[in-house]
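Report on the structure given below.
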Protein chains: 2
Amino acid sequence: MTTDIRELSRSEMEIMKVLWRHGRLSAREVHERVGPRRNWALSTTRTVLERMVQKGAVLRERFHGVNLYIPAIPRAAGLAALVRDFAERVLEIDAAAVVPLLTRGAELSEEEIREVERLLARDGGGSDDA
Amino acid sequence: MTTDIRELSRSEMEIMKVLWRHGRLSAREVHERVGPRRNWALSTTRTVLERMVQKGAVLRERFHGVNLYIPAIPRAAGLAALVRDFAERVLEIDAAAVVPLLTRGAELSEEEIREVERLLARDGGGSDDA
DNA sequence: ATCGCTGCGCTACAACTGTAGCATCTTCTT
DNA sequence: AAGAAGATGCTACAGTTGTAGCGCAGCGAT
């Protein structure tokens, strides 16, 4: 069950974002980027991270005795879901209309933008496929 | 403390939306529009509504022994805050860029759109004023 | 082999959220 | 005035989130 990214809390989303940006990080590394901003104790970062693993939003991988955390949801898919949700629930417009804005946004690769676009086009929510 | 609309839960947001749409409704009336969709018992709608009052997101007014609930945050201000949050936190773009999309969205009046625009322009988060 | 540093896994606890029942009070109707 | 129908305010309880400490284990230095 590929965890619905919309049910991540703000804290979790923030962590998700750093994981998206870096691919895979240890708890400490994650903490270095979100801890200060949030004023968290290292153990707090760990706990949140661990809960994300339980939710299936993040994968954990052991590397020489250290846990590395990897996003279980690719950024494009995550953004697509978030955009769709916001567009439909709040703006009440068709999600596809938001795509153009992505171009100016975070460092998304052409690839990713196209992917998000693909996911938002064809008004469907379900599992995609080639 | 004009409650930060970003801290409303999904359930609460849904109620907020119907209140924005109708201005002021009794618990039952609110329930009629969100209850079915959410499969809530009337008492659930009441509880959520009441919590929103406590949070200061909704005002309660007695009318012939019945409570009427009124949004404590005008729609334009609420949408502006939500848009700003989403734009900056998720899309990582300037909130103002989202304004054009509103035109096609929910039934916002020209007035409201202009207001949202005003609130999002001039990159500021704090309390506004003329 | 031992000591210390760092990471791990477990536990904790308060506040918030989802969800709702119930006893009681109001209001309308007859 | 009395009863029915509906609204109110209170209470409840489980699950989620925010926030963090603690004891134990592994690894590198001595």
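Residue numbers start from 1 in every chain, and the chains themselves are labelled A, B, ... in the order their sequence lines are given, proteins ahead of strands.
- Distances shorter than 4.0 Å separate none of the side-chain N or O atoms of A/N39 from OP1 or OP2 on D/dT19.
- Atom CG of B/L49 and atom P of C/dT19 are 15 Å apart (whole Å).
- Distances were taken from every side-chain heavy atom of B/N67 (C-beta onward) to each of C/dT19, D/dG9, D/dA20; the shortest belongs to D/dG9.
- In this entry the distance linking CG of A/L42 with P of C/dG9 reads 13 Å, nearest Å.
- Within the 4.0 Å cut-off from OP1 or OP2 of C/dC16, not a single side-chain nitrogen or oxygen of B/K55 is found.
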Show your reasoning for whether side chain to side chain contact (heavy atoms under 4.5 Å, CB included) applies to B/V18 and B/L25. CA-CA 9 Å; B/V18 330; B/L25 296 173; 3.9 Å; yes
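- A/S43 comes within contact range of at least one nucleobase, with a heavy-atom separation under 4.0 Å.
- In this model, no side-chain donor or acceptor of B/T44 finds a partner on the base of C/dG18 within 3.5 Å.
- Following rounding to the nearest Å, B/R62 (CZ) and C/dC25 (P) show an atom-to-atom distance of 13 Å.
- Rounded to whole angstrom, the span from the CE atom of B/M13 across to the P atom of C/dG18 amounts to 13 Å.
- The separation between A/E12 atom CD and D/dT19 atom C1' is 13 Å, rounded to whole Å.
- The side chain of A/S9 lies closest to D/dG18, out of D/dG18, D/dT19, D/dA7.
- Interatomic distance, CZ of A/R33 versus CZ of A/R28, reported as 12.0 Å (0.5 Å rounding).
- Judged by distance alone, with hydrogens and angles left aside, A/S11 brings no side-chain donor or acceptor close enough to the base of D/dG18 to form a pair under 3.5 Å.
- Residues A/H64 and A/R10 each lie close to DNA chain D; by heavy-atom proximity, the contact nearer the 5' end of the strand is made by A/R10.
- Donor-acceptor pairing under 3.5 Å, judged by distance alone, is present between the side chain of B/R51 and the base of C/dG18.
- The side chain of B/A41 has C/dA20 as its nearest neighbour among C/dA20, D/dA7, C/dG7.
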Intermediate values then yes/no, side chain to side chain contact (heavy atoms under 4.5 Å, CB included), A/L49 and A/E12: CA-CA 8 Å; A/L49 223 20; A/E12 294 171 332; over 6 Å; no
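- Put simply, CD on A/E32 is 9 Å from P on C/dG7, counting in whole angstrom units.
- When heavy atoms are screened at a 4.0 angstrom cut-off, A/Q54 is found touching no nucleic acid atom at all.
- Ion pairing between a basic and an acidic side chain is recognised when a charged N comes within 4.0 Å of a carboxylate O; A/E14 and A/R37 show such pairing.
- Here the straight-line distance linking atom CG of A/L59 with atom CG of A/L68 works out to 11.5 Å at 0.5 Å rounding.
- For the OP1/OP2 pair of C/dG7 and a distance below 4.0 Å, the side-chain nitrogens and oxygens of A/R60 include no atom meeting the criterion.
- Across all strands shown, B/R38 has no heavy atoms under 4.0 Å from either base or sugar-phosphate atoms.
- Per the geometry, CD belonging to B/E50 stands 17 Å off P belonging to C/dA20, to the nearest Å.
- Ion pair A/D85/B/R10 flagged as a salt bridge, since at least one NZ, NE, NH1 or NH2 atom sits closer than 4.0 Å to an Asp/Glu carboxylate oxygen.
- The phosphate of D/dA20 has neither OP1 nor OP2 within less than 4.0 Å of any side-chain N or O from A/T47.
- Nearest to the side chain of A/V66, among C/dG9, C/dG7, D/dA7, sits C/dG7.
- One can place CG of A/L8 at 13 Å from C1' of D/dT16, the figure rounded to the nearest angstrom.
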